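Each remark here refers to the structure printed beneath this line.
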Amino acid sequence: MFKVLVSDPISDLGIQQLMDAADVQVEKKTGLGEDELAAIIGEYDALLVRSQTRVTEKIMAAGTKLKVVGRAGVGVDNIDLEAATKRGIIVINAPDGNTITTCEHTFAMMMALARHIPQAYAKTVGGVWDRKSFLGVELRNKTLGVMGMGRIGSEVAKRAKAFGMNILAFDPFLTQERAEKMEVKLASVDDIIRNADFMTVHTPLTPETRHMISRPQFEVMKKGMRIINCARGGIIDEVALVEAINEGIVAGAAFDVFEIEPPQIDHPFLSNPKVIVTPHLGASTVEAQENVAIDVSEEVLHILRNEPFKNAVNMPPVAASVMNRLQPYFSIGEKLGSFAAQSANQAVNEIHVDYAGDLSDVDTLPLTRYIVKGVLAHHLGSGVNIVNCMHLAKSRDINVVVTKASKSKGFTNLLTVTLKTQNNEETLVAGTLLNGYGERIVQIDKFPVDVAPEGHQILISHNDKPGMIGSVGTLLGQNDVNIASMQVGRKIIGGEAIMILTVDKAVQKDVLNQLTTLPELNSAIEITL
Ligand SMILES: NC(=O)c1ccc[n+]([C@@H]2O[C@H](COP(=O)([O-])OP(=O)(O)OC[C@H]3O[C@@H](n4cnc5c(N)ncnc54)[C@H](O)[C@@H]3O)[C@@H](O)[C@H]2O)c1
Ligand SMILES: O=C(O)CC[C@@H](O)C(=O)O
């Protein structure tokens, strides 16, 4: 039974599929502090949050069973991604579910700003009929600067076009071609600052975007600018903004987000008549909250059930077409990694993966992750998974090298894993998928073999002499070890050779020691896949 903790207000309808799942138990405990959450998180397999819960290193460390943190929304700046990744905890978000809702809130804020709606409301309900103080401006023919043309920024630009606005757009990933298609003008930050009448920001909060609009920008800003921030507090320097408003550079601002949330009661925005504020409501509609909850619940279920999933934030996204080609090889890849690690009896400092065949033309990183996981899990245990394996390899100075070749020797795809040890020993194992036969190991070191990578195996290195197979078989029989299959690999008659046996049960260390006493037998290793 998987236990899921929901620590922020998330739509019940959205998590219904979790609550209906026979293998899942959902508990809702909102408003917890860090210590309270750290005290209980150890019993949960998944944690669902919005933006209130801060999932810190301390909580990750206490989450010894945590497989996934699901963010019912876009921004994950409330989640310590590095702490999650190094512990192999997958972080997923719901990047699409609240796009339109936030875009519409942005527009609501822009209109409110243009027409002084909250201020006029407050005065009217206060009994003052004041029709002079709230002269507004039209949006038509005004210039809107959009910083960040992702999901939300693009939708805002579309609607602004419908309002007859001219759009200046800045985004490091916005091409001239896409800008033309969207009928926006590709601009720099400086262009927007100097020419726009309204500016709206829709970027993530990153070291690059933090205070991207600050004192230097306000000093050259077009006088009378109106600024909207429904993205993240901190993108716009709040102190510098208040100064710019008080100096008459900025005509007004509408903020849904703050550098620190909730803002302190003495926050300067809360007393400035030219600043409109809402309490991080950008995603707060029935529809958005259902969408993001459904999206994140679906992926949490997949992850708990060890099924393919999407929207992982601490893993690169993989196109479905690529995933479909790679996925059949995940299992053999992991087994090859594990086989190689069990065969190598020295500390590994390089994992070399060679892809030969059709797979050479796709991004094989997701498959490499399974191979590296297979290598590391042998020594590091179940704490290794596809999320943290590359991080763990790097942190142990294990170099992961990938090479590709479009042709392979007789196989559609041949995966070759070579482990290099600190004293330059190499351990090689190659495998593939054979149509109709499934997973196969086809080479061990320099020896061709044909072995199904499953169960308990004994890998024997010996000299190619008559009677070797009989001696091994007899000794195993004397120890009640039944042989399911046996393969011999050699390159030249009378030279070095290997035996790979599949046996019905785990082999006692003593039996392995007995095998190494046989004449002409050099080593015997048990491998479990
Ligand atoms: N107020 C809310 O409740 C609310 C709701 C949803 C999203 N958000 C926030 O809004 C922001 C945008 O969300 P989204 O779904 O559009 O994200 P997105 O990832 O689709 O788009 C973000 C865009 O910002 C661009 N970008 C990154 N760095 C930039 C920079 N230095 N200058 C200009 N552009 C830059 C990226 O290239 C990307 O196109 C996120 O921070 C998200 O957390 C807030
Ligand atoms: O959960 C919310 O209400 C806000 C979500 C929003 O900030 C986001 O980044 O998606």
Side-chain angles (χ1 to χ4, degrees), residues 6-11 14-15 30 48-55 70-79 81 91-110 145-159 168-175 178-179 182 184 186-193 199-214 217 228-236 254-259 261-262 276-293 295-296 311 313 317:
V6 180
S7 67
D8 280 337
I10 290 181
S11 155
I15 58 173
T30 57
L48 262 60
V49 301
R50 277 177 64 182
S51 49
Q52 293 89 313
T53 299
R54 306 205 68 78
V55 192
R71 166 56 160 114
V74 178
V76 289
D77 35 284
N78 55 319
I79 298 169
L81 292 181
V91 177
I92 58 169
N93 71 346
D96 306 307
N98 61 26
T99 298
I100 299 304
T101 280
T102 308
C103 159
E104 292 181 356
H105 192 69
T106 302
F107 247 87
M109 295 290 262
M110 185 153 64
V146 183
M147 305 277 200
M149 284 288 286
R151 298 175 184 88
I152 297 170
S154 303
E155 293 297 335
V156 170
K158 275 183 204 167
R159 287 155 180 79
L168 297 178
F170 171 68
D171 187 310
F173 297 108
L174 181 64
T175 62
R178 182 165 166 255
M182 295 184 71
V184 303
L186 203 50
S188 66
V189 175
D190 197 51
D191 292 337
I192 289 173
I193 286 163
M199 178 200 297
T200 184
V201 294
H202 299 285
T203 73
L205 180 62
T206 64
E208 182 194 24
T209 63
R210 182 177 292 280
H211 287 191
M212 72 188 282
I213 306 298
S214 188
Q217 287 70 37
I228 300 101
N229 184 0
C230 290
R232 274 296 177 276
I235 297 169
I236 296 167
F255 272 52
D256 181 53
V257 288
F258 298 79
E259 293 191 35
E261 296 184 358
I276 296 169
V277 289
T278 51
H280 205 143
L281 295 179
S284 297
T285 62
V286 171
E287 295 85 354
Q289 288 312 306
E290 282 174 10
N291 292 341
V292 295
D295 293 349
V296 78
N311 298 336
V313 173

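Numbering of ligands and ligand atoms starts at 1, following listing order. As the structure is a computational prediction, the values presented were derived from the model and not from experiment.
In this structure, L186 CG and M149 CE are separated by 9.0 Å, a value rounded to the nearest 0.5 Å. Rounding to the nearest 0.5 Å places OG1 of T209 at 10.5 Å from CZ of R232. Here CG of N78 is found 11.0 Å from CZ of R50. Values are rounded to the nearest 0.5 Å. Here the CE atom belonging to M199 is positioned 8.5 Å from the CD atom belonging to Q217, to the nearest 0.5 angstrom. Note that CG of N93 is 8.0 Å distant from CD1 of I79, once rounded to the nearest 0.5 Å. Note that NZ of K158 is 6.5 Å distant from CE of M182, once rounded to the nearest 0.5 Å.
Near R50, the atoms of ligand 2 lying under 4.0 angstrom from a non-hydrogen atom of the residue are 1 (O), 2 (C), 3 (O). For ligand 2, the atoms lying closer than 4.0 Å to a non-hydrogen atom of G75 are 8 (C), 9 (O), 10 (O).
Residues S7 and T53 have side chains that bring a donor and an acceptor to within less than 3.5 angstrom of each other. Side chains of D256 and T278: a donor-acceptor N/O pair is present below 3.5 angstrom, by distance only.
Nearest approach of G148 to T203, heavy atoms of both residues: CA-CG2, 3.8 Å.
With hydrogens left out, the protein atom closest to atom 10 (O) of ligand 2 is V74 N, 2.5 Å, a heavy atom. Of the protein's non-hydrogen atoms, the one nearest atom 5 (C) of ligand 2 is R71 NH2, 3.3 Å. For atom 7 (O) of ligand 2, the closest non-hydrogen atom of the protein is H280 NE2, 2.7 Å.
Listed by chain and residue number, the protein contacts of ligand 1 are V74, G75, N98, T102, G148, M149, G150, R151, I152, F170, D171, P172, F173, H202, T203, P204, E208, T209, M212, C230, A231, R232, D256, V257, H280, G282, A283 (heavy atom within 4.0 angstrom).
Counting heavy atoms under 4.0 Å from ligand 2, residue E261 does not touch it at all. In N98, the part holding a heavy atom less than 4.0 Å from any atom of ligand 2 is the side chain.
Where the criterion is an N or O separation shorter than 3.5 Å, residue side chain and backbone included, G73 fails it with respect to ligand 2. For ligand 2, none of its N or O atoms has an N or O atom of Q289 under 3.5 Å away. Residue A283 has no nitrogen or oxygen atom sitting less than 3.5 Å from a nitrogen or oxygen atom of ligand 2, judged on distance alone.
Ligand 2 is approached by R232 to a heavy-atom distance shorter than 4.0 Å.
With sequence neighbours left out, D96 forms a salt bridge (Lys or Arg N to Asp or Glu O under 4.0 Å) with R151.
The side chain to side chain contact (heavy atoms under 4.5 Å, CB included) test with M212 singles out one residue from L205, T206, I235, I236, and that residue is I235.
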